[in-house]
Amino acid sequence: MAYFEKVLKDPVHDTIVVDDPWIWRLINASSVQRLRRIRQLGTSYLTFHGAEHSRFTHSLGAYETMRRVLEQLKAEFGWPVDDRDRRLALAVALLHDIGHGPFSHTFESIYPVHHEHWTRRIILEDAELASILAEVDHQLGHDLVGILEKKDGHPLIQQLITSQLDVDRMDYLLRDALITGVSYGRFELNRILRSLALHDGQLLLKASALHTVEQYILARYFMYTQVYLHPVTVGSDVLVRQILLRAGELWREGRLADMPLELRVFVDEEGPSVSVADYLAVDESTLLYAFRIWTRAGDKVLSDLAQRFLNRRLFAPIVLPAEPSQEQWAHLRTAARALGLHPDYYVSGRESAIAGYVYLGQGISILRPDGSVSELSRESRIVRSLVPDTEYRLFLPKEMIEGEGPVCERVRSVLKLP
Ligand code: NI
């Protein structure tokens, strides 16, 4: 192979090195470039103003982390043996998020489109991407999909992309922590990479890195509780959901004049008829443009919700010990109506689940100095103490709880707010 090298600057890894022209062609495929127009953290930028980074940036970071892992494993353990495995691992890291849509999880909850379904279809059906992958061989795309869908074959690459300690998480935790400014999300990536070991065909972590991996697990825990599940962010997702639901309903009833062409296929029809090209044509610029034109919609609910989102007049999150009772819901809906707010769109709640450390089936294996293998939660009391938790959040317009008058007072008393 002729000498080839591209070096990209990166805030997390300092540099991202592309030494294979085939990888460079993948990076430049339009389905990968599209990820520049999808934010990595969805609506989190409304909570943490720095969180404007894209899934493209994270995909490059996951690629670079994988590249460094492979360099380390090759030097110490002689794996990967061949160039095809190396390319497969690097492509998996680069393409693992290719199926994500705009405001991913919210979009998926409304339309019958699941990002994992789209990952598969884009890799196998997008002509440009498929032809680059086929330069290696015709099986490569299927192997990629198999790894991302956790099917049999290539267990090591699978562990490196989808496990509790994979290149995806390692990059997004560091990147999201740096960019949001949440310093307790940091951990020592280089130390973890240096401590990886291969043993009986399994990826393990040397026991000497125990405290470093504890730091990583805690970083992950803090990022979930403080950033990913931040009540303001979840409330912003709820607002996006309400806008899309209302717009879809109006469109199907013939009561909405403006619906961008790219969105019609999702609103009009059932999921399976959406083509790969249709799906790739939608990104966050499409949705933000739609929200802009809907601020002028004749429907008061839709125009108000769209204005709230664009001008960041978000729903107020109220953390409750449990989901409100039927009686409390009824009171809240009545209060919304009394204030001229449609209860279906202005009164909602959500349970957020905070994961602990899950070791069943796929924990982090620790290689002890005597050569025996243990599981992280058996070795670490800190990790054992992280148990899953849930929190219920109610989302209401601020004027429902902060306003004067008997209706707002009633809302405050129903929710036992001061
Ligand atoms: Ni990812």
Side-chain angles (χ1 to χ4, degrees), residues 8 10-13 16 23 26-27 29 31-45 48 51-70 88-108 113-123 129 144-150 154 157-180 182 185-187 189 192-193 203 216-217 219-224 227-229 233 237 279-280 283-284 355 358 362 364:
L8 315 176
D10 183 73
V12 174
H13 306 293
I16 288 175
I23 290 288
L26 280 179
I27 292 172
S31 53
V32 177
Q33 291 291 316
R34 162 185 172 271
L35 297 174
R36 290 180 186 271
R37 298 184 297 277
I38 294 175
R39 287 187 184 87
Q40 171 69 10
L41 291 183
T43 61
S44 289
Y45 69 97
F48 298 91
E52 295 277 356
H53 58 308
S54 68
R55 289 198 182 270
F56 177 77
T57 291
H58 158 62
S59 299
L60 286 180
Y63 155 84
E64 176 63 14
T65 310
M66 181 68 95
R67 196 188 66 80
R68 291 178 190 193
V69 167
L70 298 181
L88 186 59
L90 293 174
V92 155
L94 183 65
L95 303 178
H96 77 279
D97 273 345
I98 200 155
H100 278 282
F103 303 120
S104 204
H105 302 290
T106 305
F107 199 74
E108 284 174 24
V113 287
H114 198 271
H115 73 261
E116 275 143 11
H117 162 84
W118 285 104
T119 300
R120 174 192 185 85
R121 288 196 56 189
I122 293 165
I123 289 173
L129 196 58
L144 263 165
V145 168
I147 291 165
L148 291 171
E149 291 181 348
K150 301 190 188 190
H154 309 285
I157 300 177
Q158 201 164 303
Q159 255 190 296
L160 288 171
I161 193 68
T162 58
S163 67
Q164 297 239 21
L165 190 69
D166 61 41
V167 300
D168 176 22
R169 283 182 211 242
M170 287 194 269
D171 181 77
Y172 75 62
L173 289 174
L174 285 177
R175 191 168 298 279
D176 299 343
L178 177 71
I179 276 171
T180 53
V182 175
R186 312 296 305 268
F187 61 93
L189 176 66
I192 289 187
L193 297 188
L203 188 71
Y216 159 83
I217 295 284
R220 194 176 88 183
Y221 178 76
F222 288 135
M223 287 303 284
Y224 272 90
V227 178
Y228 304 137
L229 299 173
T233 306
D237 288 341
Y279 187 75
L280 291 174
D283 56 42
E284 281 173 13
V358 188
Q362 54 146 20
I364 296 174

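Note: hydrogens, waters and symmetry copies are ignored here, and every other heavy atom, side chains too, is used. Whatever order the structure lists ligands and atoms in, that order sets their numbers, starting from 1.
Between W118 and Y279, the angle of the ring planes stays under 30°, which puts this pair in the parallel group of the 30/60° scheme.
Note on the Ni ion (ligand 1): protein N/O/S atoms under 2.8 Å are H58 NE2, H96 NE2, D97 OD2, D168 OD1.
Between R68 and E64, at least one side-chain N (NZ, or NE/NH1/NH2) sits under 4.0 Å from a carboxylate O, which counts as a salt bridge.
The number of heavy atoms from other shown groups lying within 6.0 Å of CZ (R186) does not exceed 12.
With E284 as reference, P102 is the one residue of P102, S104, S54 to meet the side chain to side chain contact (heavy atoms under 4.5 Å, CB included) rule.
No side-chain donor-acceptor contact under 3.5 Å links D176 and H58.
For Y224, the ring pair (Phe, Tyr, Trp, His ring centres under 6.0 Å) partners two or more places apart in sequence, or in a different chain, are Y228.
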